[in-house]
Amino acid sequence: MTDAGTDAGTGTGAVTGPGAGDAGTGPGPGADADRETYGAEFFRAWLAAAAVAVDRNADLLTELDSAIGDADHGANLRRGFAAVAETLDKEPPGTPGAVLMTAGRQLISTVGGASGPLYGTLLRRTGKALGEAERASRAELAAALTAGVAAVAQLGGAQPGDKTMLDALVPAAEALGTSFAAARKAAEAGALATVPLRARKGRASYLGERSVGHQDPGATSSALLLATLAETAGAEGAAGVAS
């Protein structure tokens, strides 16, 4: 398993230190209640927002990757998520599971290196776990994301503490059972916590002790994905209250 860290924001500022990301971590009005469910449109909006956020933060992701990786994480994800957004816009799938599975397949076919298979597996397995239901609750998404994260761990042979994307994804999946905001905060904290770690998987592991002191790019992009999920949920909740 390669790259994983969190210095990325979604256009409102990057996560750069303790306390970053605390602002706006409360759930959106009505959006994070247990009774709320989310359809395909919500998941398409999430991935469209992720594509915008990745594009805005691509240079930062590449800068992080240049220190301990191949210096292509930002460019690869920018290309991949742009293709995802285009595909979902042209032929929008009708269920949450189908949206995520389509996005995962697109990432695998578009993104080179390890990022495509890892993110593709994450979304495909999460979508598969959601099944064919027309809507999904936050609790159902949390369970599905946990399955997706487990698939990523199996594919890359990594675990939390190895300085990979799992350091952001594992706590985020656990926290999603509480709220979208909690998942975002957990992912951001997990990414920041990769800075003092020594990489044990992926290209960064070849650096040994020299990998210490650098934030993992994959954990950073994973936190970015969770940030856009929380923002999408908040926006939907605010729209529901306004309507």
Any donor and acceptor pair, going by atom type alone, linking the side chain of [X] with main-chain N or O of [Y] inside 3.5 Å?
{"X": "T126", "Y": "L123", "answer": "no"}
{"X": "T62", "Y": "G74", "answer": "yes"}
{"X": "K163", "Y": "P196", "answer": "no"}
{"X": "R135", "Y": "T37", "answer": "yes"}
{"X": "Y119", "Y": "S222", "answer": "yes"}
{"X": "D55", "Y": "A51", "answer": "no"}
{"X": "E188", "Y": "K185", "answer": "no"}
{"X": "S221", "Y": "G218", "answer": "yes"}
{"X": "R44", "Y": "P93", "answer": "yes"}
{"X": "D167", "Y": "G161", "answer": "yes"}

Note, [X] side chain near [Y] side chain (heavy atom, < 4.5 Å):
{"X": "L141", "Y": "F180", "answer": "yes"}
{"X": "R138", "Y": "L176", "answer": "yes"}
{"X": "R184", "Y": "L229", "answer": "no"}
{"X": "L107", "Y": "L118", "answer": "no"}

### Task
Flag yes if L130 and M101 sit in one hydrophobic cluster, no otherwise; membership is Ile, Leu, Val, Met, Phe, Trp, Tyr, and two members link when side-chain heavy atoms are under 4.5 Å apart.
no

### Query
Do L88 and F42 belong together in a cluster built from hydrophobic side chains that touch within less than 4.5 Å?
yes

### Query
Going through the checks in order, is the side-chain contact (heavy atoms from CB on, under 4.5 Å) test met by R79 and T110?
CA-CA 7 Å; R79 181 174 64 254; T110 306; 3.8 Å; yes

[X] [atom1] to [Y] [atom2] distance, which is reported to the nearest 0.5 Å:
{"X": "I108", "Y": "S115", "atom1": "CD1", "atom2": "OG", "result": "12.0 Å"}
{"X": "R125", "Y": "L100", "atom1": "CZ", "atom2": "CG", "result": "14.0 Å"}
{"X": "D65", "Y": "H73", "atom1": "CG", "atom2": "NE2", "result": "6.5 Å"}
{"X": "R200", "Y": "T164", "atom1": "CZ", "atom2": "OG1", "result": "12.0 Å"}
{"X": "L77", "Y": "L224", "atom1": "CG", "atom2": "CG", "result": "9.0 Å"}
{"X": "L64", "Y": "N57", "atom1": "CG", "atom2": "CG", "result": "10.0 Å"}

Atom pairs and distances, side-chain donor-acceptor, residues 142-159, under 3.5 Å, sequence neighbours left out:
unit_1 : atom_1 : unit_2 : atom_2 : d
T146   : OG1    : A142   : O      : 2.9

### Task
Would you list the pairs meeting salt bridge (Lys or Arg N to Asp or Glu O under 4.0 Å) in which at least one residue belongs to residues 95-114, sequence neighbours left out?
none

### Task
Show your reasoning for whether side-chain contact (heavy atoms from CB on, under 4.5 Å) applies to L225 and L122.
CA-CA 11 Å; L225 190 65; L122 175 68; 4.2 Å; yes

### Task
Classify the side-chain pair T87/Q106 by whether it contains a donor and acceptor separated by less than 3.5 Å.
yes

### Query
Do L226 and L169 pass the side-chain contact (heavy atoms from CB on, under 4.5 Å) test, and can you show the C-alpha distance, the side-chain angles, and the key distance before you say yes or no?
CA-CA 8 Å; L226 269 296; L169 289 176; 4.1 Å; yes

#### Entry: By salt bridge (Lys or Arg N to Asp or Glu O under 4.0 Å) - contacts of E86 (at least two apart)
K90

What is the minimum heavy-atom distance between [X] and [Y], and which atoms define it?
{"X": "P171", "Y": "A186", "result": "O-CB, 3.6 Å"}
{"X": "T232", "Y": "W46", "result": "OG1-CA, 3.5 Å"}
{"X": "A191", "Y": "A223", "result": "CB-CB, 4.3 Å"}
{"X": "G131", "Y": "T95", "result": "O-OG1, 4.5 Å"}

